[in-house]
Amino acid sequence: MNHGPSARAVRWWPHTTDMRIASYRLRCQRIVEHLRGLDMDVGLFRPEDTQVPAVLVLSKRYDPASLERALQCRRSGGTRVLLDLCDNHFHFEGADPALGQRAAVLRHAVASVDTVVVASQALAEAVRSESPGQFRVVVVPDAAEPPFDTAHPWRAPRAQFRLLCLRQWLRGTGVPRSRRLVWFGNHGSAGTDGGMADLQRIQEAMHQAHRQAAVSLTVISNDEAKFRRITAGWEFPRAYLPWHADSFSPALRLHGACVIPVGLNPFTRCKTNNRVATALLHGLNVMATRIPSYDEFAHCTVLDDWAYGLGGYLHDTERRAKDVQAGQSLLAAHYSLDAIASRWRTVVEA
């Protein structure tokens, strides 16, 4: 191994390179590409590399073997080691020993690295509470993920076929776009309640809305069987679309409002604002349970008021248009890729 770091080299070592995983797309792949475009020496770390980087970012990667490899770089070449977190893996429910071990491993990793980068202020508070000895905790939010259109529909024919079926189904329901509701995200996380099952929290409110004027619900996620179990017997039209990079954005824009019910616990209160941001950038209104990262969007969303959100708000065309415009302005000012990549640059060059 070279005993000096590669001059100014910054390397990310993500826990996955699967583009379906939001943490990789938003906090690694897009940031690396953007900083590389600014002529920075950035890229992905390979454990077999013989030259150590000046800075190594462990992106949601804190298993003992990876941490030890990172600390080897620090010992041999002075590498500054950063740990990037976007979920509160200190918290888990139940008695699963594997999850308890995961939390213990994370505490050790947090105490061992030079800097912890977190995606929300609430997560920063959790890190400081769980590891009082780690004084260097920096908040860098997710970059907002803008709409896109795939230019190669033949690249993912199955995803495009499902998208076509959804579009035709929505037309067939007769529900206007303004009253088409959508929920998107991972179906759930190990060791904590929530995810897709949180839709049951607003089931009655959606039924009430449908009785006044028809609504539909689309779920874009990664567990169709769970969707069918959760929504069995519901009164209003509902559909499922498997998440796919080539169909997600155009599918989202077929809808008028995004619903984000959340069961509050120490895990969910640390979540980022990326679902609110993504919905607003796609021109959708947002109705959600309030968590700390949603507070700054209170002026342009409906938080903790499902009766109004799924009632009068769906009929208030003027307010809904103003809310989307205000939300997009806020995101352009503070959560663009330029703005977030600049914050990352400050952190890695500190």
Side-chain angles (χ1 to χ4, degrees), residues 1-87 89-90 98-99 101-119 123 127 131 134 136-138 140 142-143 145 155-156 186 189-190 222 245 337 340-350:
M1 181 182 292
N2 190 314
H3 290 287
S6 177
R8 298 187 298 113
V10 180
R11 298 291 180 262
W12 263 257
W13 194 8
H15 75 295
T16 180
T17 55
D18 187 341
M19 286 292 291
R20 295 173 296 178
I21 306 302
S23 60
Y24 171 67
R25 290 196 316 277
L26 301 181
R27 304 191 65 80
C28 181
Q29 183 255 345
R30 295 181 70 214
I31 301 300
V32 167
E33 287 185 357
H34 192 83
L35 293 180
R36 189 180 291 143
L38 299 178
D39 294 326
M40 289 183 63
D41 182 3
V42 297
L44 298 186
F45 178 74
R46 297 175 300 175
E48 66 272 17
D49 287 348
T50 57
Q51 192 169 40
V52 302
V55 178
L56 177 59
V57 182
L58 298 172
S59 182
K60 210 174 178 180
R61 187 181 195 107
Y62 52 83
D63 63 279
S66 297
L67 177 64
E68 177 54 29
R69 180 69 180 88
L71 297 180
Q72 284 178 0
C73 292
R74 185 167 70 184
R75 289 192 295 265
S76 65
T79 297
R80 190 159 60 94
V81 180
L82 280 58
L83 174 61
D84 180 41
L85 301 173
C86 59
D87 283 320
H89 284 170
F90 298 111
L99 295 175
Q101 179 63 24
R102 183 181 72 175
V105 167
L106 177 56
R107 288 188 189 92
H108 174 67
V110 164
S112 301
V113 300
D114 298 294
T115 301
V116 181
V117 185
V118 294
L123 184 53
V127 168
S131 184
Q134 176 53 269
R136 183 65 174 162
V137 183
V138 181
V140 179
D142 291 344
E145 195 161 30
R155 184 173 59 189
N186 193 317
S189 299
N222 59 338
L337 184 56
I340 299 303
S342 177
R343 293 176 69 163
W344 270 109
R345 183 170 190 167
T346 299
V347 172
V348 299
E349 291 183 343

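- The OG atom of Ser59 sits 7.5 Å away from atom CZ of Arg27, with the distance rounded to the nearest 0.5 Å.
- Contact record, Arg136 with Ala350: NH2-CB, 4.1 Å, taken as the closest heavy-atom pair.
- Summarising the geometry of Thr17 relative to Tyr24, their closest heavy-atom pair is O-CE2, 3.6 Å, with the distance given to 0.1 Å.
- Taking all atoms of both residues into account, the shortest heavy-atom contact from Val118 to Asp84 is N-OD1, 4.4 Å.
- The two residues Val52 and Gly77 make their nearest non-hydrogen contact at CG2-CA, 3.9 Å.
- Minimum heavy-atom separation, Trp12 to Val42: CZ3-CG1, 4.4 Å.
- Considering every non-hydrogen atom in both Leu35 and Ala341, the closest pair reads CD2-O, 3.6 Å.
- For the atom pair CG of Asp87 and CG of Leu123, the computed distance is 7.5 Å after rounding to the nearest 0.5 Å.
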Please evaluate residues His34 and Trp344 with respect to the criterion side chain to side chain contact (heavy atoms under 4.5 Å, CB included), reporting the C-alpha separation (whole Å), side-chain torsions for both, the decisive distance (0.1 Å), and the verdict.
CA-CA 10 Å; His34 192 83; Trp344 270 109; over 6 Å; no

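- Although no hydrogens or angles enter the test, the distance criterion places no donor-acceptor pair under 3.5 Å between the side chain of Asp114 and the main chain of Leu82.
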Side chain to side chain contact (heavy atoms under 4.5 Å, CB included), that's the test. Do Arg30 and Leu26 meet it? Break it down for me.
CA-CA 6 Å; Arg30 295 181 70 214; Leu26 301 181; 3.9 Å; yes

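- At a threshold of 4.0 Å, the pair Arg11-Asp49 does not count as salt-bridged, since none of the basic side-chain nitrogens sits closer than that to a carboxylate oxygen.
- For the atom pair CD1 (Ile31) and CE (Met40), the distance works out to 11.0 Å, reported to the nearest 0.5 Å.
- Ion pair Glu68/Arg75 flagged as a salt bridge, since at least one NZ, NE, NH1 or NH2 atom sits closer than 4.0 Å to an Asp/Glu carboxylate oxygen.
- Between His89 and Tyr62, some side-chain heavy-atom pair lies under the 4.5 Å cut-off.
- A distance-only check finds no donor-acceptor pair linking the side chain of Arg80 to the backbone of Val55 [under 3.5 Å].
- Contact annotation: the side chain of Phe90 approaches that of Val127 to within less than 4.5 Å [non-hydrogen atoms, C-beta and beyond].
- Atom NE2 of His15 is separated from atom SG of Cys28 by 10.0 Å, given to the nearest 0.5 angstrom.
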Side chain to side chain contact (heavy atoms under 4.5 Å, CB included) between Leu67 and Val113, intermediate numbers included
CA-CA 8 Å; Leu67 177 64; Val113 300; 4.0 Å; yes

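- You'll find the side chain of Leu85 reaches within 4.5 Å of the side chain of Leu106, heavy atoms only.
- Atom CZ of Arg61 sits about 10.0 Å away from atom CG of Leu56, to the nearest 0.5 Å.
- Open room surrounds CG on Asp39; 12 or fewer heavy atoms of other groups in view lie less than 6.0 Å from it.
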Asp142 vs Ile340, test: side chain to side chain contact (heavy atoms under 4.5 Å, CB included). Steps then yes/no.
CA-CA 7 Å; Asp142 291 344; Ile340 299 303; over 6 Å; no

